[in-house]
Amino acid sequence: MDLRIATLAERPTLKSSFRNAETEPWPAFMEEDPMAMLYYSDVRTAHPEYGLIAYDANDPDQAVARAFCVPFAWDGDPALGELPADGWDGVIWRSARDRQIGRRPNMVSALEISIPTDLQGTGLSGRMLAAMRENAARLGFEHLVAPVRPNHKHLVPDMPIDAYAALVRDDGLPQDPWLRVHARAGGRIVGTCKRAMVIPGTLAEWRAWTGLPFDETGQVVVPGALVPVRCDVEHDVAVYVEPGVWVHHRL
């Protein structure tokens, strides 16, 4: 593959979706996060220079990977883990607010690096992360942070996120593959965010999103979810509160 990477500002009409919808890596319920809807509804207008699309030069109109991030203003020290407790959702609403009130951002947060399932394991994730780092530095930022969604955490949904983030291999690198990519790129784990993403819904909505019955009050283990979903039958609501791991990259 003759890989090329362009910003949405450079290629505003280039689609970010993959050729085969079945290769999209995210569970269906992940598309129901209200904050994600806020961000992706106007990313090409609000932050086109922060969106990266990879494509094959031999097929220049088709995405093979994508990476998105947002600038935001923050007073804490990211190197010390002084970052938003609401993680992924938090950087999105802060970025939108900063733009509305004219507040100048001082750091960038990664939001997504997506590789189609049929190309995972080919090194694309590392290349997209490197491109994201380079792009943020080119835009004049010293700090890139990431409320990382560890991609193997769903295999142990009952394990606390702090314990999971601390797991390392014999070589000292994180046990989780996606955290390992960040570490190899120079990122450092600086903390966790217990409510990186909150997805509420009625029981009917959760049934449609997952195909599960959601007919008993309690914790429901959902395929692809990092922690169980909290179901309340009496009040006809279920809420998913996803944790994340804060990683800091000094550019």
Side-chain angles (χ1 to χ4, degrees), residues 3 5 25-27 30 52 54 65-70 72 74 76-91 106-138 141-197 221 223-228 241-251:
L3 191 73
I5 301 175
W26 305 109
M30 291 288 292
L52 300 171
R66 59 179 180 259
F68 293 102
C69 55
V70 289
F72 72 109
W74 184 250
D77 186 343
L80 299 178
E82 297 172 352
L83 290 161
D86 48 356
W88 201 89
D89 285 351
V91 296
N106 62 351
M107 67 182 70
V108 175
S109 176
L111 291 180
E112 171 191 1
I113 293 179
S114 291
I115 313 298
T117 55
D118 59 342
L119 291 177
Q120 291 180 0
T122 62
L124 271 176
S125 59
R127 295 181 70 174
M128 294 304 289
L129 179 55
M132 181 183 282
R133 284 170 51 103
E134 292 168 6
N135 191 57
R138 178 185 65 82
F141 292 91
E142 181 182 351
H143 303 283
L144 171 71
V145 296
V148 175
R149 184 179 198 267
N151 61 354
H152 279 188
K153 174 65 174 70
H154 69 98
L155 300 175
V156 284
D158 292 323
M159 179 180 287
I161 189 64
D162 291 313
Y164 184 83
L167 296 175
V168 295
R169 308 189 310 181
D170 291 340
D171 60 4
L173 289 172
Q175 191 175 101
D176 183 85
W178 192 209
L179 289 174
R180 200 157 59 243
V181 170
H182 277 271
R184 285 173 170 157
R188 187 171 64 88
I189 294 174
V190 293
T192 60
C193 37
K194 303 298 192 300
R195 53 184 177 95
M197 178 184 291
V221 175
L226 305 194
V227 295
V241 182
E242 178 170 289
V245 179
W246 275 119
V247 175
H248 172 237
H249 295 258
R250 187 178 294 279
L251 305 177

Problem set entry | Residues that E82 engages under salt bridge (Lys or Arg N to Asp or Glu O under 4.0 Å), provided they are two or more places apart | none

Determine all donor-acceptor pairs shorter than 3.5 Å in which one atom belongs to a side chain in residues 184-197; sequence neighbours excluded.
| from | atom 1 | to | atom 2 | distance (Å) |
| --- | --- | --- | --- | --- |
| R188 | NH2 | A79 | O | 2.5 |
| T192 | OG1 | D162 | OD1 | 2.7 |
| T192 | OG1 | K194 | NZ | 3.2 |
| K194 | NZ | D162 | OD2 | 2.9 |

Problem set entry | Over all atoms of both residues, closest heavy-atom pair of A183 and P174 | CB-CD, 3.8 Å

For this session: Check the pair K153 / V245 against side chain to side chain contact (heavy atoms under 4.5 Å, CB included), numbers first and verdict last.
Result: CA-CA 11 Å; K153 174 65 174 70; V245 179; over 6 Å; no

Seminar exercise, completed: The side-chain hydrogen bond (donor to acceptor under 3.5 Å, both in side chains) partners of R66 (sequence neighbours excluded) come to E24, E112

Problem set entry | For P78 against V145, the heavy-atom pair lying closest together | CB-CG1, 3.8 Å

Exercise. CH2/W26 to OG/S114 distance, rounded to the nearest 0.5 angstrom?
Worked result: 4.5 Å

Seminar exercise, completed: To the nearest 0.5 Å, atom OG of S109 lies from atom CZ of F141 at 11.5 Å

Problem set entry | Verdict with supporting geometry, L83 and H143, side chain to side chain contact (heavy atoms under 4.5 Å, CB included) | CA-CA 12 Å; L83 290 161; H143 303 283; over 6 Å; no

Exercise. Can you list the residues that meet the salt bridge (Lys or Arg N to Asp or Glu O under 4.0 Å) rule with D77, with sequence neighbours excluded?
Worked result: none

Exercise. In chain order, what residues pass the side-chain hydrogen bond (donor to acceptor under 3.5 Å, both in side chains) check against D170, with sequence neighbours excluded?
Worked result: none

Problem set entry | side chain to side chain contact (heavy atoms under 4.5 Å, CB included) evaluation trace for R250 with E142 | CA-CA 6 Å; R250 187 178 294 279; E142 181 182 351; 2.8 Å; yes

Exercise. Taking all atoms of both residues into account, what is the closest heavy-atom pair of G76 and M107, and its distance?
Worked result: O-CE, 4.2 Å

Exercise. Going by the ring-ring contact (aromatic ring centres under 6.0 Å, His included) test, which pairs reach into residues 149-174, not counting sequence neighbours?
Worked result: none

For this session: Using side-chain contact (heavy atoms from CB on, under 4.5 Å) as the criterion, list what pairs up with A67, not counting sequence neighbours.
Result: L52, I113, M128, M132

Exercise. Got a second to check how far L111's CG is from W88's CH2, nearest 0.5 Å?
Worked result: 5.5 Å

Problem set entry | Distance in Å, T122 OG1 paired with L3 CG, rounded so as to fall on 0.5 Å steps | 9.0 Å

For this session: Specify the closest pair of heavy atoms between W74 and P84, including all atoms of both residues, with the distance to one decimal.
Result: CZ2-N, 3.6 Å

Exercise. N151 side chain to D176 main-chain N or O, any donor-acceptor pair under 3.5 Å?
Worked result: no

Problem set entry | Counterpart residues, side-chain hydrogen bond (donor to acceptor under 3.5 Å, both in side chains), relative to Q120 (two or more places apart) | none

For this session: Rounded to the nearest 0.5 Å, what's the gap from CG on L144 to CD on E134? Could you check?
Result: 11.5 Å

For this session: Quick one: list whatever passes salt bridge (Lys or Arg N to Asp or Glu O under 4.0 Å) with D158, sequence neighbours left out.
Result: none

Exercise. Can you name the ring pair (Phe, Tyr, Trp, His ring centres under 6.0 Å) partners of H182, sequence neighbours left out?
Worked result: W178, H249

For this session: Any chance you could measure L179, atom CG, to L173, atom CG, to the nearest 0.5 Å?
Result: 10.5 Å

Problem set entry | Contacts of N135 that satisfy side-chain hydrogen bond (donor to acceptor under 3.5 Å, both in side chains) - sequence neighbours left out | R138

For this session: Using the test side-chain contact (heavy atoms from CB on, under 4.5 Å), find all partners of P243 that sit at least two apart in sequence or belong to another chain.
Result: I161, L226, V227

